[in-house]
Chemist: 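Quick one: the structure is below, questions incoming.
Residue numbering restarts at 1 for every chain, and letters A, B, ... go by the order of the sequence lines. Just so you know, these numbers come straight off a predicted model, no measurement behind them.
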There are 2 protein chains.
Amino acid sequence: MGESSRIAGQDGLRADARRNRRRILSAARLVFAEHGIDAPMATVARRAGVGVATLYRRFPTRDALVRAAFAHQMDTCARALTEALADPDPWQGFQQLVETVCELQREERGFPAAFVAAYPDSTREHARFGEQVERDFITLVRRAQAAGALRADLHPSDLAVALLAHCGLVTALPGDRAASRRLVAFLLQSFRAEAAHGALPAPSALSLRSLPLAAHGSQGQRSSGT
Amino acid sequence: MGESSRIAGQDGLRADARRNRRRILSAARLVFAEHGIDAPMATVARRAGVGVATLYRRFPTRDALVRAAFAHQMDTCARALTEALADPDPWQGFQQLVETVCELQREERGFPAAFVAAYPDSTREHARFGEQVERDFITLVRRAQAAGALRADLHPSDLAVALLAHCGLVTALPGDRAASRRLVAFLLQSFRAEAAHGALPAPSALSLRSLPLAAHGSQGQRSSGT
DNA sequence: GGTCAAGTGGACGATCTCGTCCGTTTGCCA
DNA sequence: TGGCAAACGGACGAGATCGTCCACTTGACC
């Protein structure tokens, strides 16, 4: 009988509210993949079979919806990372991780994994996620470098760069899996120790955790103040 | 005294109309680079110091404006290709071309070169452009491959893939030149003959000339006809 | 200089999206 | 079973963008 004496739901939601929340998230994934991240909120609501008010009550902003919609894909990425670390072959683990994440981007038309990259520690519930992911990823890189498989001058930010680029590709060419696979193959080959060939330019200051929100919608219209 | 007896302009436009056309194109480049390709047409008009009607009369659709605005950058790319072919060192020429085009994408926030890739033969005046560019580019690739510098399994479509990916990167991170340069360096290294390491997946059907228009604005909302 | 069509610009109606408000319904607990 | 607060959904006003229309201006040719 603490503060809210009523309501039994495990997350404080009534049963129908919880069901609608799930419906909304499911619809959001479909609609965002089909019409892009800027699809009208009303479309998501209609697809989910709920009113717009219900949608806005649960997710006050579009960002909140997007983050929540793709949270489970963040989990998929985190799982892939864990598996990669568990792989006895460091290079194999690294390669598997990159391919898994890119496949996710490819199948979901680039939106989800773009947000895995762009909002790693955005929501409170995923705050630890971002830090842990970054730590684990650095471990993965160091291990593969120590094994002599991954080039020594690869910087962790290079994965963020590669993922954003791949995301751009699959967004531009939603249907072209060959292009995506081809790019991934090239990138992975250039990450191998043998590919190192002269000095690289300085790495980006980008981090897996701190990508600017500019990576959002179309082209950042909404970020310009003035 | 043919059909239109009046009007002397070399392109059939009156002097003031030609001046306004130039102003519009100049403003469009600025506005598109600053606010993205979806910036309101009225913003372009205001920036150009003309009314919206003038803008719409000259460029009935947004696409027409975009194509025209970046036509001169297509020319820059074509020039870079010519220079690349003139380079005595085939690899040097290839590398220079990629770097020049990517620098163009980087400096103009990805829009121009995205369109170099996406609309190569779109306007009637550039119809030959697309074919010639593709022919020349294939020549460049074959030559560098024959010299043993470029990997033999590189397909011409791979450049389109790489450019689209790079375009996605600079669009997502407009300010981050290091990231762009880093990606270009990795891609170029993976294009070298020494980097070849096992079989690649099948190349994309993509061609420099026939990229789908899906590569346009935000996420293809407008492409779904139904 | 005069004529007239090409050119101009701003207002305007249509369309779309957002996010809120409010009367009604429904699940949960006693 | 009854009561109440949570949840619901559709309507609605505000704001933005699109593309057109039309009355006025200006440049080219005689």
Side-chain angles (χ1 to χ4, degrees), chain A residues 1-25 27-28 31-32 35-66 216-219 221-226, chain B residues 1-25 27-28 31-32 35-66 216-219 221-222 224 226:
Chain A
M1 337 93 186
E3 15 267 8
S4 68
S5 47
R6 297 314 218 33
I7 305 303
Q10 44 201 17
D11 49 2
L13 288 180
R14 226 166 64 176
D16 54 343
R18 193 157 48 248
R19 177 168 40 82
N20 280 338
R21 191 190 136 91
R22 265 200 302 270
R23 279 189 188 170
I24 289 170
L25 288 177
V31 171
F32 286 154
H35 301 294
I37 217 68
D38 293 325
M41 299 289 264
T43 304
V44 175
R46 201 169 343 107
R47 184 87 159 234
V50 305
V52 278
T54 302
L55 175 54
Y56 278 108
R57 193 174 317 107
R58 217 48 75 200
F59 306 101
T61 68
R62 161 174 264 109
D63 275 7
L65 177 59
V66 169
H216 283 197
S218 349
Q219 253 93 31
Q221 272 116 287
R222 75 185 67 151
S223 68
S224 74
T226 322
Chain B
M1 333 103 192
E3 15 260 23
S4 68
S5 48
R6 294 324 218 24
I7 304 302
Q10 44 200 20
D11 49 0
L13 288 180
R14 227 166 63 174
D16 55 343
R18 192 157 48 247
R19 177 166 42 80
N20 279 339
R21 190 189 137 92
R22 266 200 302 270
R23 280 189 189 171
I24 289 170
L25 288 176
V31 171
F32 286 155
H35 301 293
I37 217 65
D38 293 323
M41 300 289 263
T43 304
V44 175
R46 200 168 344 108
R47 184 88 158 232
V50 305
V52 279
T54 302
L55 175 54
Y56 277 107
R57 192 173 321 105
R58 217 48 75 199
F59 307 100
T61 67
R62 162 174 264 108
D63 274 8
L65 176 60
V66 169
H216 283 197
S218 343
Q219 253 92 30
Q221 271 115 288
R222 75 184 68 149
S224 74
T226 313

Chemist: Identify, with sequence neighbours excluded, every residue that meets side-chain contact (heavy atoms from CB on, under 4.5 Å) alongside B/R22.
Modeler: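 Checked B/R22 against side-chain contact (heavy atoms from CB on, under 4.5 Å); matches are B/R18.
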Chemist: By nearest atom, which of the nucleotides D/dA28, C/dT8, D/dA7 is closest to the A/D16 side chain?
Modeler: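 The answer is D/dA7, which lies nearest to the side chain.
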Chemist: Would you say C/dG9 has OP1 or OP2 under 4.0 Å from some side-chain N or O of B/T54?
Modeler: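 The answer is yes; a side-chain N or O of B/T54 sits under 4.0 Å from OP1 or OP2.
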Chemist: Would you say A/N20 places a side-chain N or O within less than 4.0 Å of OP1 or OP2 belonging to D/dA7?
Modeler: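 No, outside the criterion.
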Chemist: Which residues pass the side-chain contact (heavy atoms from CB on, under 4.5 Å) test with A/F59, sequence neighbours left out?
Modeler: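 Partners of A/F59 by the side-chain contact (heavy atoms from CB on, under 4.5 Å) criterion, ordered by chain and then number, come out as A/R21, A/I24, A/L25, A/L55, A/A64, A/L65, A/A68.
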Chemist: Please collect all salt bridge (charged side-chain N to carboxylate O under 4.0 Å, His left out) contacts where either partner lies in residues 42-53 of chain A, sequence neighbours excluded, each pair once.
Modeler: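 For residues 42-53 of chain A: A/E34-A/R47.
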Chemist: When you compare the protein's N or O atoms with those of nucleotides 14-20 of chain C, which come within less than 3.5 Å of each other, and at what distance?
Modeler:
{"unit_1": "C/dC18", "atom_1": "OP1", "unit_2": "A/R62", "atom_2": "NH1", "d": "2.9"}
{"unit_1": "C/dC18", "atom_1": "OP1", "unit_2": "A/R62", "atom_2": "NH2", "d": "3.3"}
{"unit_1": "C/dC18", "atom_1": "OP2", "unit_2": "A/M41", "atom_2": "N", "d": "3.0"}
{"unit_1": "C/dG19", "atom_1": "OP2", "unit_2": "A/Y56", "atom_2": "OH", "d": "3.3"}

Chemist: Once side-chain contact (heavy atoms from CB on, under 4.5 Å) is applied, do any residues pair with B/R57, and if so which ones, sequence neighbours excluded?
Modeler: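 B/R57 satisfies side-chain contact (heavy atoms from CB on, under 4.5 Å) with B/A53, B/T54 only.
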Chemist: Between C/dT8 and B/R57, is there an OP1 or OP2 to side-chain N/O distance shorter than 4.0 Å?
Modeler: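 Yes, within the criterion.
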Chemist: Any N or O donor-acceptor pair linking the side chain of B/R14 to the base of D/dA28 at under 3.5 Å?
Modeler: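 By the distance-only test, no, there is no pair.
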Chemist: Report the residue (B/R19 or A/G49) whose heavy-atom-nearest nucleotide on DNA chain D is the more 5′ of the two.
Modeler: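 So the residue in question is A/G49.
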Chemist: Out of C/dC28, C/dT8, D/dG27, which nucleotide sits closest to the side chain of B/R58?
Modeler: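 Closest nucleotide among those given: C/dT8.
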